[in-house]
Each structure stands twice: as structure tokens, then as C-alpha cells.
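Atoms within each ligand, like the ligands themselves, are counted from 1 in listed order. One is the number of the first residue; the rest follow in order along the sequence.
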Amino acid sequence: MRFDELGLSPEVMQAVTEMGYTELTPIQEQTFGLIRAGRDLVALAETGSGKTSACGIPLAEMVDPAIAGIQALVLVPTRELALQYVVELSQIGKNTGIAPFAIYGGFPMDIQKAKLAHGVHILVATPGRLIDHLYNSTLTLEQVRILILDEADEMLKMGFIDDVKFILSCIMNEHQTLLFSATMPADIEELANSFLKDPVQVALNREEVSPQSIIHRFRFLSEKNRLQVLKQYLQEEKPAQAIIFINSRRNGELLFRKMKGSVDSLEYIHGNLDQNKRTSIFNRFKQGKIGVMIATDVAGRGLDFSGVSHIFNFDFPRELEGYVHRTGRTGRMGRKGVAISLVTGRDLGAVKRLLKEKGIPAAWDGKVPDLKRVGAAKSSRGPGRRPGTRKSRPGRQKKKPAPRT
Ligand code: ADP
Ligand code: MG
């Protein structure tokens, strides 16, 4: 189906055309009519399938720029996703006069407050910062008619369940709720059952299944050779852009220091960077100005980098879902991507499970390990999460500690 068959307003149609979109992606096709008809929705779709615009395009038409106040609220798990969402909404809505705005932690409340007072139609927010503003009465959700939960499973995984429930209970106005998630764990189901009205469930290729556009390769090696092999890969493969994932900030720090001299335009992004730095790296990477980015899983979920040709797992991810999310940063929108995982003896159990459960074909560069002899271990390398070490606001207990990325 094509966008020009949808009867979009000329303002939105023009913007969509300028964005280079002609055909709807499957998730857009399946959700557009439902969203427009005002239905509540639970949508499960793989990464890179165009969920932002699936919401953003109908939203641009449903929000009335003549009415002051937040008419649509989008909750996202991370700051980067908030920014990414707003950029896309701004493009879609650029001829309509609607004002989207993002609020997230690590940025001065005052500046956000001033902007909020100026009239924001669509607010994109991380749960914690939204609650801070609610507590400070610097925003009101009284006008909200459309609520979107993006990457809902990730939000819950990060320990935001109580925050999300609190926010949902603050929206008294009659509203439509759209819940987007890669997976459907029990807590999402419960959330949908208690807060959504007769939702339609749309399930496309679930995120647990890795997109077809990605070629998965594995390299069996000893731990001490990883750096050298990684450098070799970078030289031989000449990635247009690459992300190298590590499992802890410390590992990232070490790797960054060791590689800095030998790789041009290398950056390291992790959750503990100050927000300006984090945004700057993120933007420059998105614009293609950074060639190689070392990242913790903070960059693993939902972020849309169209130019990434290669994903490297320097550390094999602790969870198989993590593998799918990390590698989903390449091969976006049907483009080809390559994911190369460096695998040591102790990762073999996890690799075996990955190949089996996710239907990924085993392609080994070099030595092929004998997986038949390996027990399929539940988790692999890397330090475990350290629970209870993240600062939490008094009075707002998170159920699970957020991962320290
Ligand atoms: P998801 O949230 O499902 O992971 P995104 O919304 O980030 O996916 O979209 C992935 C990429 O696809 C973005 O670069 C977006 O601009 C692009 N995109 C979305 N819809 C279309 C479309 N209909 N035609 C072409 N590109 C699209
Ligand atoms: Mg998304």
C-alpha cells in the first residue's frame, strides 16, 4: 500500500514524500486504519520495521495544532529514543504546526519547563523525568487523548513498571492507547489488560526473530586474541559504520583506550556519559561522522542508524534477546548488514542456544567449534548485573534495578 492511497492531508503527505517514503511498511499498513479509527492497540513487531512513523503519521493528523496543551504523550525507555522520536515527528509534522518536544533525565528541568510552558502538542518522555515534572506541576496530562508506549518491554525490563503504571493512572481524560513492544512477557500482558480498552493485537515478525537482512557470522577464538582479530576485521571488512558492543562500561573503557590510536573517528558511548556528550556522539554517529562506535547495551535497543554496515559483539551478549537487539542496529529497512560475534569457549553454550532458538544459521569464520559437545548454558560471559547500585529517587521504588549500561 502506498501513502498516496491513504487520503493523508496535503501537509502530511508532502512531508512524508520529502522523507522519501512511498510505500507503507507492513506494521504501518496493519496499524494505520486501526489507529485512525481510535482503537487501542498492542503491536508486536521486529526492530527497524517503521514503528515510529506507524504512530507518527496518524498522530500528525490527529493532533490539533490550534489546541494548546499536550494532546499526545509518548513514553520511551531512553533519552536517545526520545530524541529520535521527536526528530521523526518533527519531520512528519513540519507543515502542520504541531510542536513535538522531548523530556528526559540529565537535562536541566528549567529549560524543559520553559519549553513546556510555551505549548507542546506531543510530548515524548522517559518515565522518570516525566514524573519529576508531574511532581513539580510543570506539566499537566489533562489534555492527553493519545498515549503511546514505545519499546514497552524494554521499559519494564529497565524497572519502570511502577513509574509507567503511575503515569497511566494520572491520565484521567478519555484516551486511546497504543502499546508497541518487541516481545509480550507476562507483565506487558497484564499492563495491556489493566490499562487498555479492548485492544486489537497486531503481531508481525516478532523481534525474537532476527531480520532476514542480516548476515550472522561467528569467530571462535581465545580471549587474548580478541582485540587483534577485531582490528583485523575492521581493516578487512572496511565497514561503512560499525558498532562494537561490550558488556560492561569497564570493558568498553579498556577497549576504547586500546583502539583509540589505530582507528579513525572512534567514540565510546555508555550510560554514564554526561548528557551533552552522549547526545553529541549519538548525533554525529547518526550523521555518519563517526565511523566506529564502541557501545554498551544503551545503544542496543530501538535506535535507528541507517548507515551501520557492521555490528561486532566483542563481548558476547548476556541474553539472547540482547543479541537480537544489538544486531538489529544494522540491516535496517531491508538494507544488508553484517553481525560478527567474537566467541570464546565460555560463550559456546549461549551461542548454541542462539542458533537453535533464533533460527540463525551458523556461519563460522575460521575454526568451527564442536557445539554438540557443549551444554547450552543459560548465560554467558561478563560480570553480572549489580543490583541496587543505581540511584533511585526517594519514594519511587523501582521493582528491578536498571541495568548499568
Ligand atoms: P522501529 O521503531 O520499528 O525499530 P523505526 O521507526 O526506527 O523502526 O524505522 C526504521 C527506519 O525506517 C527509519 O530510518 C525510518 O525513517 C524508516 N522508515 C519508516 N517507515 C518507512 C517507509 N514507509 N518507507 C521507507 N522508510 C521508512
Ligand atoms: Mg522504534
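- In summary, the atoms of ligand 1 found under 4.0 Å from a heavy atom of Thr52, numbered by their order in the structure, are 2 (O), 5 (P), 6 (O), 7 (O).
- Partners of Pro65 under the side chain to side chain contact (heavy atoms under 4.5 Å, CB included) rule, at least two apart in sequence or in another chain, are Ile98, His121.
- Judged by the shortest distance from any of its heavy atoms, Ser49 lies inside the 4.0 Å radius around the atoms of ligand 1.
- There is no side-chain donor-acceptor pair under 3.5 Å between Tyr233 and His310.
- At a heavy-atom distance under 4.0 Å, no atom of Phe180 approaches ligand 1.
- Residue Gly50 has at least one nitrogen or oxygen atom sitting less than 3.5 Å from a nitrogen or oxygen atom of ligand 1, judged on distance alone.
- Of the listed options Lys286, Arg329, Glu23, Glu23 places a heavy atom closest to atom 23 (N) of ligand 1.
- Taking every heavy atom of Thr25 and a limit of under 4.0 angstrom, the matching atoms of ligand 1 come to 20 (N), 21 (C), 22 (C), 23 (N).
- For ligand 1, the atoms lying closer than 4.0 Å to a non-hydrogen atom of Phe3 are 23 (N).
- No side-chain N or O of Thr279 forms a donor-acceptor pair with one of Asn276 less than 3.5 Å apart.
- Using a 3.5 Å distance cut-off with no hydrogens or angles, the side chains of Ser53 and Glu88 do pair a donor with an acceptor.
- Here side-chain hydrogen bond (donor to acceptor under 3.5 Å, both in side chains) pairs that include residues 61-79, with residues two or more places apart or in two chains, are Ser9-Glu61, Arg36-Glu61, Gln71-Arg145, Arg79-Gln275.
- Polar contact with ligand 1: present for Gln28 (N/O pair, distance under 3.5 Å).
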| Are Glu267 and Lys260 close enough, and set up right, to give a salt bridge (Lys or Arg N to Asp or Glu O under 4.0 Å), and what steps lead you there? | CA-CA 8 Å; Glu267 288 287 354; Lys260 218 172 168 183; over 6 Å; no
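- Residue Glu151 has no nitrogen or oxygen atom sitting less than 3.5 Å from a nitrogen or oxygen atom of ligand 1, judged on distance alone.
- For the pair Arg226 and Phe314, the cation-pi criterion (under 6.0 Å, within 45° of the ring axis) is fulfilled.
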